[in-house]
Amino acid sequence: MFGLCYILFHSLNKIFWVKHIMFNSVSSFFIPNRARRLSRPLILTRVPAGFPSPAEDYIEGRIDLNRELIRNPLATFYVRVSGDSMEPVIHSGALIVVDRMIETRDGDIVIARVGSELCVKRLRISDNGAVWLSSENTIYKPIVITEEMDFEVWGKVSHAIHTF
Amino acid sequence: MIGLIDCNNFYVSCERVFQPALRSRPVVVLSNNDGCVIARSEEAKALGITMGTPYFQIEYLIEKKNVAVFSSNYTLYGDMSARVMEALQSFSPETEIYSIDEAFLRLEENFEETGNKICKLIYQWTGLPVSVGIAPNKTLAKIANRTAKKLKSSVFEMSDAKTRDEVLRETPIKDVWGIGYNSTKKLNALGIFNAFQLKNFDRRHARKLLSVTGARIVEELNGETCLPLDLAPAPKKSITCSRSFGGHVESFADLHDALGCYLVRAGEKMRKNNLTARAVTVFLATNRFSKQPQYSNSHTIELINSTDSTRELREWTRRALAVIYKKGFLYKKVGVILQGLRSESAETIRLRGEKDYQKDKRLCAALDQISRKFGRDAVRFGCRSNSKNWQMLAEHKSACYTTNLREVLRIAN
């Protein structure tokens with residue numbers, strides 16, 4: 001029923017267009033037609049006489065933050081951070097995305113385990129192999145990692161999500 | 001070659017990933033209702049806490065030895081297990097998930113090197129320590145894994161026959177996969193105590209004494225393959241959902257409530273696998289450890305039409321419960337089994353009530369969606385009494401770090 005109405009509407013429209021062309025310049029032909037077609041892209045493709053949607057080949061699905069922010073789902077964990085030691089990079093209360101699959105390098109923000117504590121810090125590795133963890137907030141002193149410390153990088157912080 | 005990958009003290013390790021302070025403490029995880037110990041850290045094992053020890057028996061140790069106690073958090077363990085199993089797929093196209101913390105893998109080459117790589121990467125990606133046993137078949141891979149754990153190394157390979165014989169000599173037969181308590185007794189009576197003796201046991205004899213399964217074990221110990229990798233799990237034949245209560249339950253209404261709760265879970269599971277049930281069984285039991293009067297019974301109703309509607313099944317479970325319910329007993333456990341499961345596509349159209357059934361199907365689909373989005377208790381059938389004594393005891397449960405945004409790991413920085 002709807003289809004029939006549509007064809008009727010479409011053909012009426014065509015008559016209108018014929019009139020339109022007769023009284024106006026041809027260049028204006030595409031402008032209104034295009035707007036109408038975008039609003040009903042699915043139906044138009046069924047009518048052989050209609051123009052195929054120029055957008056059809058470019059439809060790509062919506063932006064999915066899961067896909068953008070999480071590269072390795074099986075090794076990704078979420079962590080809620082409190083405290084000001086990483087201000088102004090990570091605010092207190094931020095939700096951070098931690099990817100354990102990415103190899104960490106000098107300068108990365110990481111979750112580190114020092115003994116029985118977990119902390120969020122910037123990992124620094126110098127050319128001579130010295131390792132320390134620095135806070136972004138300068139009131140906190142860096143933690144120098146020594147051989148006898150029980151230390152490991154828990155994961156790399158890949159994103160911080162801050163809700164306003 | 002077959003590798004058996006096993007997560008070391010899996011439940012304890014899961015807790016330790018998110019609470020590193022537990023790394024230096026003895027840790028135990030308790031069964032449902034905080035009944036008995038089902039997982040122990042190495043430190044807890046060293047204290048002499050054995051598997052299956054009732055919690056109340058070790059309570060005195062808890063404070064004295066600073067033991068950390070956890071109720072089982074299957075939401076967390078299930079998610080961590082799924083991560084490990086997914087990770088294992090990247091090492092071999094042929095994997096068989098054997099249990100929540102074990103998987104068999106077919107390995108093509110560089111066995112020991114691959115084993116070490118698996119241990120290193122699974123730990124890096126998930127924080128869970130695993131050990132790998134490598135051998136020509138599943139039975140031997142199990143033994144190789146046990147040996148790895150005993151030697152406190154992460155990988156143990158048994159590809160050559162000489163190493164194998166040495167290890168088998170050190171393996172008591174009760175530790176061979178598939179040899180149970182009764183078989184152990186029978187074999188011991190014949191003077192067979194270790195796996196090497198079992199390997200050299202006459203096969204025809206083994207078949208007579210231990211049936212086909214026993215004969216297969218003997219052949220596998222000899223390095224032949226009798227148990228191929230099970231790549232596609234067989235479709236479920238039945239779904240059971242039952243729990244022991246935290247306290248005791250007496251009234252029919254409370255039992256029916258609990259049953260309804262388990263049925264919702266069983267129904268969800270069934271629909272997720274596109275199955276329908278042909279029969280439903282309800283069972284109940286009193287606490288067999290108490291001195292109160294004892295009673296247990298079950299009743300099965302075969303359904304005229306197979307169904308996957310929780311609403312219909314609810315009615316049938318109520319009827320089944322009414323048949324077996326007796327007043328005056330303190331019940332400890334009730335459960336429901338959905339049986340005769342078949343693919344939904346094999347369903348026939350009903351002669352009567354097809355329209356209502358289709359309505360039910362839509363209702364259940366909507367309910368499943370709601371419970372996925374808002375949690376299982378967002379919408380419920382019927383009205384539920386406020387009695388809490390049938391709910392499970394879980395006083396020491398950790399957070400669902402990986403599945404609930406409100407419970408993610410917190411770091412004070």
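First the proteins, then the strands, lettered A, B, ... as listed; each starts at 1.
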Using 30° and 60° as the class boundaries, would you call the ring planes of A:H91 and A:H162 parallel, tilted or perpendicular?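 Judged by the thresholds at 30° and 60°, the geometry between A:H91 and A:H162 is tilted.
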
Is there side-chain contact between B:S131 and B:F156, with heavy atoms separated by less than 4.5 Å?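 Contact flag for B:S131/B:F156 side chains = no.
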
Test item: A:K121 and A:S85 side chains (from C-beta on) under 4.5 Å apart, heavy atoms: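 A side-chain contact under 4.5 Å exists here.
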
Test item: B:S81 side-chain N/O and B:I100 main-chain N/O as donor-acceptor pair under 3.5 Å: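 Here the side-chain-to-backbone pair exists.
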
Would the B:Y74 and B:Y11 ring centres measure less than 6.0 Å apart?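 Yes, the ring of B:Y74 comes within the 6.0 Å limit of the ring of B:Y11, centre to centre.
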
Tell me if the aromatic rings of A:F77 and B:F18 count as close, with their centers under 6.0 Å from one another.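 Judged by ring-centre distance (under 6.0 Å), A:F77 and B:F18 do meet the cut-off.
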
What I want to find out is whether B:E43 reaches B:K65 closely enough, with some N-O distance under 4.0 Å, to be called a salt bridge.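 No, B:E43 and B:K65 are not salt-bridged.
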
Most chain B-contacting option - heavy-atom pairs closer than 4.5 Å, from [options]:
{"options": "A:G115, A:P73, A:S116, A:G155", "result": "A:S116"}
{"options": "A:N72, A:V81, A:D150", "result": "A:V81"}
{"options": "A:C119, A:S135, A:A75, A:S82", "result": "A:S82"}
{"options": "A:D84, A:I111, A:L118", "result": "A:L118"}

In terms of heavy-atom proximity below 4.5 Å to chain B, should [X] be classed as side chain, backbone, both, or neither?
{"X": "A:I90", "answer": "neither"}
{"X": "A:S92", "answer": "neither"}
{"X": "A:I96", "answer": "neither"}

Side chain, backbone, both or neither: which part of B:V84 has a heavy atom under 4.5 Å from chain A?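 Neither; nothing under 4.5 Å.
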
Tell me, for B:R23 versus chain A, whether the close heavy atoms (under 4.5 Å) come from the side chain, the backbone, both or neither.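 Side chain of B:R23 only, per the 4.5 Å heavy-atom cut-off to chain A.
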
Relative to chain A, which of B:T402, B:L22, B:L409 shows the most heavy atom pairs under 4.5 Å?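 Result: the option with the highest number of such pairs is B:L409.
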
